[in-house]
2 protein chains.
Amino acid sequence: MKRKSIDIPSCDNCKNSKDFFCNLSEPEKQIISEKKGDNFYKKGQVIFYEGNHANGLFCLYDGKVKLTKLGKDGKEQIIRFSKDGDILGYRSLLSNEPYHATATAMEDSYICTISKEKFLTVIEDNPKLSFKVIQLLSKDLKGAEQHLIDVAQKSVKERIAESLLLLQTTFGYLADNRTINIQMSRSEIADMAGTTTESTIRTLAQLNEKNIIELNGKNIVINDMKELIKCSNSYD
Amino acid sequence: MKRKSIDIPSCDNCKNSKDFFCNLSEPEKQIISEKKGDNFYKKGQVIFYEGNHANGLFCLYDGKVKLTKLGKDGKEQIIRFSKDGDILGYRSLLSNEPYHATATAMEDSYICTISKEKFLTVIEDNPKLSFKVIQLLSKDLKGAEQHLIDVAQKSVKERIAESLLLLQTTFGYLADNRTINIQMSRSEIADMAGTTTESTIRTLAQLNEKNIIELNGKNIVINDMKELIKCSNSYD
DNA sequence: ATTAAAATATGATTCAAATCATTTTGAAAC
DNA sequence: GTTTCAAAATGATTTGAATCATATTTTAAT
């Protein structure tokens, strides 16, 4: 396998420097940047596994990652996504527990690793960073709660629509402003919506037939956003 | 209605002082204690509503509280419980958002209120308190994720069993060491497990028939913990 | 280009659980 | 104690979606 060249900039020159580490001082940025690991993960490769010892923080420079947990009978449930500028594994580091989920690259991704020690050192003396963590956890919790309610109460169709909306919100559109900027298998969408692959296929086909969406292989175009929101039975 | 007498001690004499506020200095405890409101909520009364302006932190001195969110068609979903020593509403204060859920007293409860300003003042200069918040959010997130997976993947029977286990873990037993220390309607258990009241009743009756549990009105005795865990299809 | 495996698609069948309907019991208010 | 209403219980029916089976298409490896 031919390794992709890795040219991730240092933290102060990072394109995502307005994200999680935005409040870091220059010396702090240097601490982090100095020994960071620059990594490339090919689509489908696993960054860390649920249950494994948490030894580092991951910062997603470029790419897309899904976080999944194993449930009953080895079935996967997607609990969250990460995009450019997001950090992964922070929760386990802070609670000194194994990784809570498996992180998998959904496309070729560039990811920096920061050692646990450096991360904990910096956060210990930076209340703003602590606050950033609180904000992140808060957001993740809000998302998990909403997801719980959707799975508990909504029909499969509503959940598929909800899933498409979440994908669009998280990753945006391609340049055409209509195609969701992520390619996922039907099985993955199912793992997100908490249903089976077959039901996912059928429901997508129905939405396609009604021209609410348009399926081009793994690309999904949203033709009628209003109607899709209606199908999702969302009100917020 | 006859008001119950309220004799909640100050924070440094609180029976729960080993919980959230355990790392507060004496001066900080005084700041909090000085203007705290002592409140009594009768079983069934609402402490705060989802969507309302978040103006204070609540600290549960004695009692039991359920946190619920409204879902589709006005249906309720229980997302969490709080017991003695837990704080409520902290997330909304920190993210400067309305309350994320409705908090309802599940039995007569004594609750202290702390103003938003005081709370934010104290947390601003206390990294240990920030860390405590991080731990709390982390724990809540872990619970929400597990709940999501259960609802997505498990059968109603498994979810009911899981719910009983969670109640026992959260609130413990009565003095007999067999009766779960909380009384809930069948409808509330349903709101927790993400199913209907009828299915809840039927499933409880089945577990009762197999002598895994014993139903005495709203009291639930766990006769065979091992078998109940087996029914829940849990492995951790 | 070929092959094998995985993903997608579709139809048929089954089934868990929701919904609907009714009766019984328990709790709260007076 | 009585009355009313809500909760619990139970039976019947319906339904959404899972499961099973098979065919087709796509993808990845060689």
Side-chain angles (χ1 to χ4, degrees), chain A residues 1-2 42-45 71-77 104-108 150-163 182-209 213-220 231 233, chain B residues 1-2 42-45 71-77 104 106-108 150-163 182-209 213-220 231-233:
Chain A
M1 186 192 81
K2 175 120 166 264
K42 199 170 171 50
K43 176 177 174 170
Q45 286 185 331
K72 193 180 139 188
D73 306 326
K75 199 166 137 75
E76 275 200 329
Q77 176 67 43
T104 309
M106 296 169 74
E107 65 185 33
D108 292 357
D150 291 345
V151 170
Q153 297 187 9
K154 290 188 179 178
S155 68
V156 165
K157 183 181 170 189
E158 286 162 341
R159 287 171 7 238
I160 296 288
E162 203 67 79
S163 299
I182 179 74
Q183 305 195 319
M184 285 175 79
S185 69
R186 302 302 185 249
S187 162
E188 280 176 313
I189 297 175
D191 286 348
M192 194 181 162
T195 183
T196 59
T197 308
E198 289 99 326
S199 293
T200 298
I201 290 167
R202 287 185 227 270
T203 308
L204 288 176
Q206 281 162 22
L207 293 173
N208 185 58
E209 211 176 273
I213 62 171
E214 201 176 312
L215 304 173
N216 306 311
K218 287 202 170 66
N219 283 307
I220 300 181
C231 286
N233 212 338
Chain B
M1 189 191 79
K2 175 119 166 269
K42 199 169 169 52
K43 177 175 173 172
Q45 287 184 332
K72 192 181 141 187
D73 305 326
K75 200 167 136 76
E76 275 199 329
Q77 175 67 43
T104 309
M106 295 170 77
E107 66 185 33
D108 292 357
D150 291 346
V151 171
Q153 297 186 8
K154 290 188 177 177
S155 68
V156 165
K157 182 180 168 189
E158 287 163 340
R159 295 188 334 255
I160 295 288
E162 203 67 81
S163 298
I182 180 74
Q183 304 195 319
M184 287 177 77
S185 70
R186 302 301 186 249
S187 163
E188 279 175 315
I189 298 175
D191 287 347
M192 194 182 162
T195 183
T196 60
T197 309
E198 290 99 329
S199 293
T200 299
I201 290 167
R202 286 184 229 273
T203 308
L204 288 176
Q206 281 162 22
L207 293 174
N208 184 59
E209 211 175 274
I213 63 172
E214 202 178 309
L215 304 174
N216 306 311
K218 289 205 172 60
N219 282 308
I220 300 181
C231 286
S232 73
N233 211 337

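Quick note on labels: first sequence line is chain A, next is B, and so on, each numbered from 1.
With rounding to whole Å, B:N216 atom CG is found 12 Å from C:dG26 atom P. B:M184 places its CE atom 18 Å from the C1' atom of C:dG26, with the value rounded to the nearest Å. Counting to the nearest Å, the C1' atom of C:dT10 and the CD atom of A:Q206 are 12 Å from each other. Between the CD atom of B:E188 and the C1' atom of C:dA27 there is a distance of 15 Å, rounded to whole Å. At whole-Å resolution of the value, CD1 in B:I201 and P in D:dG11 are 13 Å apart. Between the CD1 atom of B:I160 and the C1' atom of C:dA18 there is a distance of 14 Å, rounded to whole Å. Between the C1' atom of C:dA9 and the CG atom of A:L215 lies a distance of 12 Å, rounded to the nearest Å. Going from atom CG of A:N219 over to atom C1' of C:dT8 covers 16 Å, rounded to whole Å.
Between A:T197 atom OG1 and A:R202 atom CZ the span is 11.0 Å, to the nearest 0.5 Å. Here CD1 of B:I160 is found 9.0 Å from CE of B:M192. Values are rounded to the nearest 0.5 Å. Note that CG of B:N208 is 13.0 Å distant from CD1 of B:I201, once rounded to the nearest 0.5 Å. A distance of 8.5 Å separates NZ of A:K43 from CG of A:D108, quoted to the nearest 0.5 Å.
Across all non-hydrogen atoms, the minimal contact from A:I213 to A:L215 is CD1-CD2, 3.7 Å.
In terms of the side-chain contact (heavy atoms from CB on, under 4.5 Å) criterion, residue partners of A:E107 (sequence neighbours excluded) are, by chain and number, A:K64, A:S109. In this structure A:T104 satisfies the side chain to side chain donor-acceptor pair (under 3.5 Å) test with no other residue, sequence neighbours excluded. In terms of the side chain to side chain donor-acceptor pair (under 3.5 Å) criterion, B:Q206 has no residue partners (sequence neighbours excluded). For B:N219, the side chain to side chain donor-acceptor pair (under 3.5 Å) partners at least two apart in sequence or on another chain are B:Q183.
Closest to the B:V156 side chain, of the nucleotides C:dA17, D:dA9, C:dT10, is C:dA17.
Considering only heavy atoms from C-beta on, A:I220 stays 4.5 Å or farther from A:L207 through its side chain.
Mapping B:R186 and A:S155 onto DNA chain D by nearest heavy atom places B:R186 at the nucleotide closer to the 5' end.
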What's touching nucleotides 20-22 of chain C from the protein side, N or O pairs under 3.5 Å?
residue, atom, partner, partner atom, Å
C:dC20, N4, B:E198, OE2, 3.1

Between the protein and nucleotides 23-30 of chain D, are there any N/O to N/O pairs under 3.5 Å, and if so, what are the atom names and distances?
none

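Comparing the local axis fitted to the first five base pairs of the helix from C:dA1-D:dT30 to C:dC30-D:dG1 with the one fitted to its last five gives a bend of 70°, rounded to 10°.
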Which donor-acceptor pairs under 3.5 Å do the side chains of residues 151-159 of chain A make with protein atoms, sequence neighbours left out?
residue, atom, partner, partner atom, Å
A:Q153, OE1, B:K72, N, 2.7
A:K154, NZ, A:D150, OD1, 3.4
A:K154, NZ, A:E162, OE1, 2.5
A:K154, NZ, A:S232, O, 3.0
A:K154, NZ, A:N233, O, 3.4
A:S155, OG, A:E158, N, 3.3
A:S155, OG, A:E158, OE1, 3.2
A:E158, OE1, A:S155, N, 2.9
A:E158, OE1, B:K72, NZ, 3.0
A:E158, OE2, A:N233, ND2, 2.8
A:R159, NE, A:A193, O, 2.9
A:R159, NH1, A:K154, O, 2.9
A:R159, NH2, A:A193, O, 3.4
A:R159, NH2, A:G194, O, 2.8

**Request:** Go through the steps to decide whether B:T203 and B:T195 satisfy the test side-chain contact (heavy atoms from CB on, under 4.5 Å), and finish with yes or no.
**Result:** CA-CA 11 Å; B:T203 308; B:T195 183; over 6 Å; no
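The shortest distance between the side-chain N/O atoms of A:S199 and the OP1/OP2 oxygens of D:dA17 is not below 4.0 Å.
Contacts between residues 189-197 of chain A and DNA chain D, defined by a heavy-atom separation under 4.0 Å, are made by A:T195, A:T196.
Within the structure, salt bridge (charged side-chain N to carboxylate O under 4.0 Å, His left out) contacts touching residues 183-193 of chain A (residues at least two apart or in different chains) are A:K66-A:E188.
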